[in-house]
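Reviewing the structure listed below.
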Amino acid sequence: MNMTQLGQMLEGVAAGKLSVDNALSALRRLEISDLGFARIDHHREVRCGLPEVVYGAGKTAEQIIGIVRDFRERGNNALVTRVRPEAAESLTVALPEAEYDVAANTLMSLVHPPDTRPGFVGIVVAGTSDQPVAMEAVNTLRFFGIATELLMDVGVAGLHRLLAKQERLHRYDVAIVVAGMEGALPSVVGGLIGAPVIAVPTSVGYGAHLQGLAALLSMLNSCASGITVTNIDNGYGAACAAARMLRLLQSASGAESSAADAVGDSGHSRS
């Protein structure tokens, strides 16, 4: 269940087209799907503002197929991250409507277009080798209905490439910055723009990068104030953080508008 479906249900109760008992029954039925090997949380979007997303690593193709079909039977979209490439063919045969992204290893099955959410997120990527992590963030935000822009190959080894795109950087409500090696790019971006910056270290680099640990420690020690840092290779987590930030920004904007509306032309409160 998403917020749109919940709103329609409440409107039906208010209009007398749906009984309270039927609404309660629907809410109980939609809460959790117990598939034996997985318990699917269909109320997560109502509670947290973001829908349930399936972590595909370690799951068999048959388990993923069962989970996605359960989402679809309930009228819900489904996103699976970290899908094993060797499982992709059998998944797309069993789920012909699903879209598999080989770059991100994500599988998306849409019953309906995602509800559009306000905000614009830039995914700023140091190098082409970081693209899989970046695309996981892009596809997750797309699943959430949030507009994105991908800014590729603007790492600090050629800083002029980033500086040439400063005008675009200032358009972002949130910037997700993906980098491996020494992980310096988020500090640079954080020093150029005022929007929230979410740094994602990747396991890209030569021996001493320690599978992304060097980039992680660099980002945690950034001299640009207020940068948020995710776990290594966690594009999905960065997208969720961006979505939560945008929701708060939207709420704050709505509160400011309401406060402004409460003030009359004379400048005195209407109350």
Side-chain angles (χ1 to χ4, degrees), residues 44-45 48-58 79-83 101 103-106 108 117 119-156 162 169 172-205 209-249:
R44 184 165 300 186
E45 183 171 357
C48 304
L50 299 175
E52 172 93 295
V53 173
V54 181
Y55 181 67
L79 175 66
V80 186
T81 64
R82 305 300 169 96
V83 174
D101 187 332
N105 289 329
T106 58
M108 192 181 306
R117 300 170 188 251
F120 184 39
V121 179
I123 295 87
V124 185
V125 189
T128 306
S129 296
D130 303 307
Q131 186 175 8
V133 177
M135 289 306 301
E136 182 177 83
V138 169
N139 289 344
T140 301
L141 289 165
R142 176 187 162 202
F143 180 70
F144 292 158
I146 297 172
T148 66
E149 179 179 74
L150 188 64
L151 193 58
M152 282 294 304
D153 201 21
V154 289
V156 298
L162 178 68
L169 293 175
Y172 303 149
D173 296 309
V174 178
I176 295 174
V177 186
V178 183
M181 301 291 185
E182 83 289 6
L185 184 59
S187 290
V188 177
V189 175
L192 292 174
I193 65 174
V197 174
I198 303 168
V200 186
T202 69
S203 52
V204 170
H209 83 295
L210 302 175
Q211 298 300 312
L213 183 59
L216 172 63
L217 294 176
S218 291
M219 293 174 183
L220 288 171
N221 286 283
S222 172
C223 61
S225 303
I227 289 177
T228 297
V229 184
T230 73
N231 207 339
I232 298 167
D233 291 338
N234 194 1
Y236 165 72
C240 290
R244 287 175 180 264
M245 290 175 182
L246 288 171
R247 191 167 70 251
L248 288 176
L249 289 172

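The basis for the numbers below is simple: all heavy atoms, side chains too, and nothing from hydrogens, waters or symmetry mates.
A heavy-atom distance below 4.5 Å is not found between the side chains of Asn105 and Pro132. Taking 4.5 Å as the limit, every side-chain heavy atom of Val174 sits out of range of all side-chain heavy atoms of Arg244. In this structure the side chain of Val156 never reaches within 4.5 angstrom of the side chain of Met181, judged on heavy atoms. Under the 4.5 Å side-chain criterion, counting only non-hydrogen atoms from C-beta, Tyr172 is in contact with Val124. Within the 4.5 Å cutoff, no side-chain heavy atoms of Ile227 are placed close to those of Pro196. Using a 4.5 Å heavy-atom cutoff, the side chains of Leu141 and Ile123 are in contact. Contact of the Val177 side chain with the Val188 side chain is not registered, since no non-hydrogen atoms from C-beta on lie closer than 4.5 Å. For the pair Met108 and Asp101, the minimum side-chain heavy-atom distance is 4.5 Å or more.
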Using the side-chain contact (heavy atoms from CB on, under 4.5 Å) rule, take Leu169 and Leu151 through it: C-alpha gap first, then chi angles, then the decisive distance, then the call.
-> CA-CA 9 Å; Leu169 293 175; Leu151 193 58; 3.9 Å; yes

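Taking OG from Ser203 and CG from Asp233, the interatomic distance works out to 3.5 Å, rounded to the nearest 0.5 Å. Here the CG-CG distance, from Leu162 to Asp153, works out to 11.0 Å after rounding to the nearest 0.5 Å. One finds the CG atom of Asn234 at 10.5 Å from the CD1 atom of Ile198 (value rounded to the nearest 0.5 Å). With rounding to the nearest 0.5 angstrom, the CD1 atom of Ile146 is 12.0 Å from the CZ atom of Phe120. The NE2 atom of His209 sits 12.0 Å away from atom OG of Ser218, with the distance rounded to the nearest 0.5 Å. To the nearest 0.5 Å, atom CZ of residue Arg117 and atom CG of residue Leu246 are 9.5 Å apart.
Of all non-hydrogen atoms in Thr106 and Asn139, the two that sit nearest each other are OG1-ND2, 2.9 Å. Of all the heavy atoms in Ala137 and Ile176, the pair that sits closest is CB-CD1, 4.4 Å. When every heavy atom of Cys223 is checked against every heavy atom of Ser187, the shortest pair comes out as N-OG, 4.1 Å. Residues Met245 and Thr228 approach most closely at CE-OG1, 3.8 Å, considering heavy atoms. The two residues Met219 and Pro186 have their closest heavy-atom pair at CE-CG, 3.7 Å. When every heavy atom of Gly237 is checked against every heavy atom of Thr230, the shortest pair comes out as C-CG2, 4.4 Å.
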